[in-house]
Protein chains: 2
Amino acid sequence: MDNKPYHHKELKKTLIETGLEFIDKYGEEKLSLRKIAEKCGVSSAAPYAHFKDKDDFINAVQQYIMDSFMDSLLTCVDKCSDDTQVLSELGVCYVMFFYNNPLYFDFLFSRKNIHIRLSSENDNPPFELFRKTAGSVLEKMGISEEKIRYKTIAMWSIVHGLSALSSMPDIDVDWETEVKAIINSVDISKI
Amino acid sequence: MDNKPYHHKELKKTLIETGLEFIDKYGEEKLSLRKIAEKCGVSSAAPYAHFKDKDDFINAVQQYIMDSFMDSLLTCVDKCSDDTQVLSELGVCYVMFFYNNPLYFDFLFSRKNIHIRLSSENDNPPFELFRKTAGSVLEKMGISEEKIRYKTIAMWSIVHGLSALSSMPDIDVDWETEVKAIINSVDISKI
DNA sequence: CTACAATGTTATCAGTGCTAAGTTTGGAGG
DNA sequence: CCTCCAAACTTAGCACTGATAACATTGTAG
């Protein structure tokens with residue numbers, strides 16, 4: 001029978017995944033902990049055993065998405081041994097992730113707890129991966145440290161800006177082709 | 001005395017400006033219509049005479065900011081008669097607006113009602129201004145229509161991506177100088 | 001001057017975040 | 001095997017929110 005067991009066991013994980021699914025369907029602003037709890041078949045106060053407050057829960061969902069985003073990027077970098085292509089491949093991968101998951105862009109980056117610093121070490125994993133990859137590639141090309149900073153910022157801006165575009169609702173173009181063309185057309189050595 | 005008059009007269013405008021101020025201080029997610037109403041000295045139901053619902057109110061505030069953003073951009077374009085500079089000046093103006101108003105970027109662009117189309121006419125005023133300005137400049141340079149699209153998208157992506165960066169909390173660099181250097185370093189004819 | 005539409009009011013509802021206090025449960029140590 | 005306790009849940013309830021209904025006030029068109 002469906003008499004709910006007192007102990008749900010994997011409730012924390014279930015809550016996160018249910019929350020993710022909900023955000024996917026209805027967006028973050030419609031989410032309430034009570035609805036998520038109900039969907040999981042537990043009382044409205046149950047989540048508070050696992051999360052300090054709603055914000056803590058949202059952060060957990062965000063981290064879940066961020067991990068999956070990083071998986072994509074790391075896989076892409078690993079697949080790409082060729083230095084001359086890794087940057088544009090990484091850029092396309094970055095953009096396509098949000099094209100395929102339109103609701104994730106706002107959710108990941110409209111939150112204030114995500115900070116990005118330009119010059120130094122960074123606690124934002126995707127940007128840090130981008131920064132290090134670009135740094136290593138550009139260094140091998142014999143480019144000065146200052147210029148590396150400019151180029152990295154410019155490239156990341158393009159990629160991030162394209163992602164913002166690609167997660168908009170009404171894209172009326174063959175986006176994957178466009179993205180590749182645009183990123184490839186930006187010759188980093190010319191920036 | 002402070003016995004509030006029944007008719008506040010300019011309540012709609014006052015609500016919007018109070019809302020703007022509030023978002024500036026505490027962010028959108030902390031905003032409630034009741035608090036705004038109280039700050040304006042009216043009852044909690046009063047705003048519903050002017051706005052259909054909370055979303056309608058938020059849209060009005062958003063429009064208010066969008067208008068001020070467009071003012072900046074248009075002033076910039078007007079001041080700049082020189083075709084060779086207008087694009088980079090416009091870019092710097094775009095980015096600096098959000099550098100100077102860090103909370104506005106998320107507020108303007110994380111809302112789903114803002115759409116951006118690439119190829120055709122567009123109901124997003126700043127992007128449309130950017131698209132037309134770039135189109136006119138690039139056309140005079142004798143660039144093909146297809147390339148104009150690519151360049152426009154790439155340039156807007158850089159500018160928009162830089163804006164995302166510039167509205168982040170912990171910028172630890174002289175941003176205005178950086179932005180100018182980066183935008184100027186992107187030679188559009190090379191994209 | 002009077003009727004009425006616009007613009008306010010109070011009262012009330014359901015939904016939300018969160019906490020307090022009590023209940024169930026699995027499992028570690030006797 | 002029992003006992004006890006901390007973790008994981010429950011129900012109850014508070015304060016706040018968005019929204020609506022029913023009523024009050026007011027400026028103004030006719």
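In what follows, chains carry the letters A, B, and so on, assigned in the order in which the sequence lines appear, proteins first and then strands, with residues in each chain numbered from 1.
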Please give, in whole Å, the distance from D:dA19 P to B:Tyr48 OH?
4 Å
Nucleotide of C:dT7, D:dA19, D:dA12 approaching B:Asp53 most closely (side-chain heavy atoms)
D:dA19
To the nearest angstrom, how far is A:Leu11 atom CG from C:dG26 atom C1'?
16 Å
Output the single nucleotide from C:dG8, C:dG17, D:dA8 whose closest atom is nearest the side chain of A:His50.
D:dA8
What nucleotide among C:dG17, D:dT10, D:dA21 has an atom nearest to a side-chain atom of A:Ser43?
D:dT10
Rounded interatomic separation in angstrom, taking CD from A:Glu10 and P from D:dA8
13 Å
Taking the six-membered ring for Trp and the full ring for Phe, Tyr or His, determine whether the centres of B:Tyr94 and B:Phe69 are under 6.0 Å apart.
yes
Under the 3.5 angstrom rule, does the side chain of B:Glu28 hit a backbone N or O of B:Ile23 as a donor-acceptor pair?
no
Are B:His160 and B:Phe105, when compared by the centres of their aromatic rings, separated by less than 6.0 Å?
yes
In whole angstrom, what separates A:Lys12's NZ from D:dC9's P?
12 Å
Spacing of A:Asp55 atom CG relative to C:dT16 atom C1', expressed in whole Å:
15 Å
To the nearest Å, give me how far apart NZ (B:Lys52) and C1' (D:dT20) are.
13 Å
With a 4.0 Å heavy-atom cut-off, tell me which residues in residues 31-40 of chain B come close to DNA chain D, sorted by residue number.
B:Leu31, B:Ser32, B:Leu33, B:Arg34, B:Lys35
On the six-membered ring of B:Tyr64, is B:Lys13 placed so that its NZ or CZ lies under 6.0 angstrom from the centre and within 45° of the ring axis?
no
Atom CD of A:Glu29 and atom C1' of C:dG17 are separated, to the nearest Å, by 17 Å
Salt-bridge test for B:Lys180 and B:Glu176: reply yes if a basic N is under 4.0 Å from a carboxylate O, no otherwise.
yes
Would you check if B:Lys54 and B:Leu31 make a side-chain contact, meaning some heavy-atom pair closer than 4.5 Å?
yes
Under 4.0 Å between a Lys/Arg side-chain N and an Asp/Glu carboxylate O for A:Arg131 and A:Glu128?
yes
Roughly how many Å is it from NZ in B:Lys54 to C1' in C:dA14, rounded to a whole number?
16 Å
